[in-house]
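Within every chain, numbering begins at 1; the chains are lettered A, B, ... in the order of the sequence lines, protein sequences first and strands thereafter.
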Amino acid sequence: MSETPKKKPGTLARLPRGFVDRDAAEIAGVNAMLETIRGVYELYGFEAVETPAIEFTDALGKFLPDQDRPNEGVFSFQDDDEQWLSLRYDLTAPLARYVAEHFDALPKPYRSYRSGYVFRNEKPGPGRFRQFMQFDADTVGSASPAADAEICMMAADTMEELGIARGDYVVRVNNRKVLDGVMEAIGLGGDENAGRRLTVLRAIDKLDKFGPEGVKLLLGAGRKDESGDFTKGAGLDEAQIEKLLLFVSPSENYYYSVPVGDQTRLIDDDADVEVKEIPLLRDLFKGDVRAYYDSLGLLGRWGHLLQDSPVGTAAVHELNEIVSLVRASGYGSKRIRIDPSVVRGLEYYTGPVYEVELTFPVTNEDGLVVRFGSVAGGGRYDGLVARFRGEEVPATGFSIGVSRLAAALKSLGKLGAEKPVGPVVVLVMDRDQVAEYQKMVSELRAAGIRAEMYLGSSGMKAQMKYADRRNAPAVIIQGSNEREAGEVMIKDLVAGAEAAKTITDNAEWRAARPAQFAAKRGELVEKIRELLAGR
RNA sequence: GCAGCCGUAGCUCAGUUGGUUAGAGCGCCAGAUUGUGGCUCUGGAGGUCCCCCGUUCGAGCCGGGGCGGUUGUACCA
């Protein structure tokens, strides 16, 4: 007795960082979300296909892990036969493997969708986890910008089906080849400048985060963050920076151009009216380059700036086609727009890239207002399947970050974050009557009503607390009194809680026993059904 | 990875110039109430003061190192 009982050391109940448990409310909410997304994709004619969570490491397009840091970025391990395997870090690379493996049997173009967990071995942050869910849709085997346009429209539809209002999100579109063309134009072409091009692209990607001033620093000498840490810049000169910023500065005018006869006409994005012809405009603004570009809108400006670059010109044409396709279907610039700051995945994208951004302020768990930013993204990856086959296979697709989007929907109140209604609980009043209680449960279950018998060993008060905690709609009480009368006592917990709000006195509370009624034992199922139907 | 801030009960946090047995609120469990959720009251359980080393007669507090968390930044297939 004198000895204090030492607590056994035991195993620490803890989760590695970047991983989360999901409770019933969360699962229900996300499942509803997945069903909604699936509905939109099916409507667009996409079909389901799934691949496993583990692939050969090289199939994911990842270099083999080196000895010292085999898990840098990707969770990897060696199989019995010493081949390297990895947990997938996205759903696109595995799809490319799938398509390549079943190429002859698949209809092409091949539209498919899939959802699942992906894994990244990196530092987690707010809204960033090491295991998270993605929902992808891809079209493989079509090089047409119509395939890209379709994905963008589907992305917009998905957001609205999920309850995000028009104007609270935007699908931003860019083209990797446009960026390549610009690099060339400022003298950053060629293999020897590959490293600097990367730095420049990354700087442009930060445009909406740091603004033009911050990007200017990153393109030049470098930038210091608020903790005092310094990020080295791209080291461009004033003229190059000026040109780049002119190129990527957003335009108030969302025009796109359509050929009419041998002329090109500008069409206003939203109003869908013809504006003016380019040759006229060029004369009008002679001498004022900025004003001229502004009047052209983004695509007009780009077309002009890139007129000497074949790649850039082709890219602008692609964007023009995407825009005119989505406009023709009624998707205005509030929903889908060209945005110069979209860079994305620096590795495998080869053409149009897109990103879905939420534009409304989100209040996080700590009550702070944060910009939520990107919840989905994708683009064209014509080279990915080619890694498995000799020939290039054009493909485009996008990926929704389900976990992130779920958090945003929760903040909007569009995700059922309510605790799901629990089962009807049959209390155990007398231990020797367990068989009878179990029979009640069976009758309810046979009638399709969620029900359970209390399986613990505590007294009635604890059983009531249990039912409360389960969010049970009702409990069934049968003690000796009721049993002798051939009855059961049914207590409506929701109505009871409501009634109790006005009772402050303890004696009254105990005497009142609100919202409960006796029913004949034979009418149990019927009465419960009525009670639940009243909800 | 780099930089800043922070680690005391399940949670949120007090804790004096370094000094006896480390506290509060909330939550949890039980009783008041033979068989009724809430309120109230009473009682109870719950601590490696993140870890290790050092300084000291003495460390939750001071010093060094590590680990963990968080924020910014980098990376993001």
Side-chain angles (χ1 to χ4, degrees), chain A residues 4-7 9 12-18 57 60-63 69 72-74 86 88-94 96 118-126 128 130 132 134 198-199 202-203 205-206 209-210 214 218 222-232 343-349 366 368 370 374 377-379 381 384 399 401 425 427-430 458-472 474-483 489-516:
Chain A
T4 44
K6 271 274 190 291
K7 205 161 105 181
L12 276 175
R14 57 174 190 162
L15 209 49
R17 65 177 169 180
T57 301
L60 293 178
K62 183 76 185 170
F63 295 112
R69 328 175 73 177
E72 187 70 7
V74 182
S86 293
R88 62 186 177 196
Y89 52 77
D90 68 10
L91 298 179
T92 308
V118 300
F119 304 84
R120 295 188 187 178
N121 191 9
E122 59 194 10
K123 181 185 139 186
R128 282 182 67 170
R130 294 206 285 175
F132 59 97
Q134 290 190 332
L198 210 65
T199 312
R202 286 169 184 164
D205 196 34
K206 304 281 184 293
K209 197 172 182 180
F210 298 145
L218 283 173
R223 178 179 178 276
K224 203 179 267 191
D225 74 29
E226 63 188 53
S227 68
D229 196 33
F230 185 74
T231 308
K232 197 170 179 295
V343 176
R344 291 200 64 79
L346 300 156
E347 294 298 324
Y348 62 49
Y349 290 120
D366 300 328
L368 297 171
V370 293
S374 174
Y381 50 95
L384 210 50
S399 176
V425 176
L427 302 195
V428 173
M429 305 301 292
D430 302 301
S458 300
M460 181 171 184
K461 183 161 180 164
Q463 295 190 38
M464 286 300 299
K465 281 192 174 181
Y466 169 81
D468 203 33
R469 209 169 267 195
R470 287 299 309 275
N471 204 20
V475 294
I476 293 166
I477 305 163
Q478 189 190 54
S480 53
N481 296 346
E482 289 85 2
R483 189 159 52 250
M489 190 64 76
I490 296 173
K491 186 172 180 102
D492 181 336
L493 291 188
V494 179
E498 200 58 41
K501 279 180 185 168
T502 58
I503 302 175
T504 51
D505 177 66
N506 183 254
E508 187 191 344
W509 162 260
R510 293 181 55 72
R513 294 186 177 176
Q516 66 183 55

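Of all the heavy atoms in A:S480 and A:D430, the pair that sits closest is N-OD2, 3.8 Å. When all heavy atoms are compared, the tightest approach of A:L493 to A:A472 is CD1-O, 3.4 Å. Between A:K206 and A:R202, the shortest heavy-atom distance links the atoms CG-O, 3.2 Å. Shown here for A:V475 and A:M464, the closest heavy-atom pair between the two residues is CG2-SD, 3.9 Å. Scanning all heavy atoms of the two residues, the minimum distance from A:A515 to A:G496 falls at CB-N, 3.4 Å.
Nucleotides B:C67 and B:A77, compared at atom C1', are 30 Å apart to the nearest Å. Taking atom P on both B:C50 and B:A14, the two are 14 Å apart, rounded to the nearest angstrom. Here the separation of B:C61 from B:G23, taken at their C1' atoms, is 16 Å to the nearest Å. The separation of B:C28 from B:A9, taken at their C1' atoms, amounts to 12 Å, rounded to a whole angstrom. B:G27 and B:C11 are spaced 15 Å apart, taking the P atom of each and rounding to whole Å. Using atom C1' as the reference point in both B:U70 and B:U42, the two lie 41 Å apart (nearest Å). B:C13 and B:A22: their P atoms are spaced 23 Å apart (whole Å). Annotation: B:A45 and B:G10 have their C1' atoms spaced 12 Å apart (nearest Å).
Between A:R223 and A:G459, it is A:G459 whose nearest contact on RNA chain B lies nearer the 5' terminus. Along RNA chain B, the nucleotide nearest A:A462 and the nucleotide nearest A:A472 are compared for position; the residue whose nucleotide lies closer to the 5' end is A:A462.
Atoms CE and CZ, on A:M429 and A:R483 in that order, are 9.5 Å from each other to the nearest 0.5 Å. Atom CG of residue A:D492 and atom CD of residue A:Q516 lie 10.5 Å apart, to the nearest 0.5 angstrom. Here the CZ atom belonging to A:F230 is positioned 10.5 Å from the CZ atom belonging to A:R223, to the nearest 0.5 angstrom.
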Collect all protein-nucleotide pairs involving nucleotides 41-45 of chain B in which both atoms are nitrogen or oxygen and the distance is under 3.5 Å.
none

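Minimum atom distance to the side chain of A:K206 is reached by B:A74, of the listed B:G35, B:U71, B:A74. In this structure, of B:G37, B:A77, B:A74, it is B:A77 that holds the atom nearest to the side chain of A:R120. Ranking B:C76, B:A77, B:G35 by closeness to the A:Y348 side chain, first place goes to B:A77. Of the candidate nucleotides B:G1, B:G37, B:U36, B:G37 has the atom nearest to the side chain of A:D468. Of the listed nucleotides (B:G37, B:U36, B:A77), B:G37 has the atom at the smallest distance from the side chain of A:L493. Distances were taken from every side-chain heavy atom of A:M489 (C-beta onward) to each of B:A77, B:U36, B:G1; the shortest belongs to B:U36.
Among the atoms of the strands shown, none is found under 4.0 Å from any heavy atom of A:D430. Using a 4.0 Å heavy-atom distance criterion, A:K224 is classed as making no nucleic acid contact. Using a 4.0 Å heavy-atom cutoff across all strands shown, A:F119 reaches no nucleic acid atom at all. Across all strands, A:Q516 comes closer than 4.0 Å to base atoms (heavy-atom distances). Within the 4.0 angstrom heavy-atom criterion, no nucleotide atom of any strand lies near A:T92.
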Checklist outcome for this item: Note, RNA chain B 5' to 3' with Watson-Crick or G-U pairs under 3.5 Å encoded as ( ), [ ], | and . gives (((((((..((((.....[...)))).(((((.......))))).....(((((..]....))))))))))))....

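For B:C75, the OP1/OP2 oxygens have a side-chain nitrogen or oxygen of A:R202 closer than 4.0 Å. Between A:K209 and B:U73 there is a side-chain N or O to OP1 or OP2 distance below 4.0 Å. Within the structure, a side-chain polar atom (N or O) of A:R17 is placed less than 4.0 Å from OP1 or OP2 of B:G69.
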Item to check | side chain to side chain contact (heavy atoms under 4.5 Å, CB included) between A:K232 and A:T199, worked out | outcome: CA-CA 9 Å; A:K232 197 170 179 295; A:T199 312; over 6 Å; no

Item to check | side chain to side chain contact (heavy atoms under 4.5 Å, CB included) between A:V74 and A:T57, worked out | outcome: CA-CA 9 Å; A:V74 182; A:T57 301; 5.9 Å; no

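A donor N or O paired with an acceptor N or O is not found under 3.5 Å between the base of B:G38 and the side-chain atoms of A:K461. Judged by distance alone, with hydrogens and angles left aside, A:E482 brings a side-chain donor or acceptor within reach of the base of B:G35, the pair sitting under 3.5 Å. A:K465 contributes no side-chain N or O that forms a donor-acceptor pair with the base of B:U36 under 3.5 Å.
One can place CZ of A:F210 at 9 Å from C1' of B:G72, the figure rounded to the nearest angstrom. For A:K491 and B:G37, the NZ to C1' distance is 7 Å, given to the nearest whole Å. Atom CG of A:D492 is separated from atom P of B:G37 by 16 Å (rounded to the nearest Å). At whole-Å resolution of the value, CZ in A:F132 and P in B:C76 are 14 Å apart. One can place CE of A:M460 at 18 Å from C1' of B:G31, the figure rounded to the nearest angstrom. Between A:M429 atom CE and B:U34 atom P there is a gap of 12 Å when expressed in whole angstrom units. Atom OH in A:Y349 sits about 9 Å away from atom C1' in B:A77, given to the nearest Å. Taking atom CZ of A:R130 as the reference point, atom P of B:A77 lies 19 Å away to the nearest angstrom.
Not a single donor-acceptor pair under 3.5 Å links the side chain of A:Q134 to the backbone N or O of A:D90. Remark: the backbone N or O of A:Y89 is paired with a side-chain donor or acceptor of A:R120 at under 3.5 angstrom.
For A:R130, the side-chain hydrogen bond (donor to acceptor under 3.5 Å, both in side chains) criterion is met by A:N121, not counting sequence neighbours.
Both stacking criteria are satisfied for A:Y89 over the base of B:A77: a centre-to-centre distance under 5.5 angstrom and an angle between ring planes under 30 degrees.
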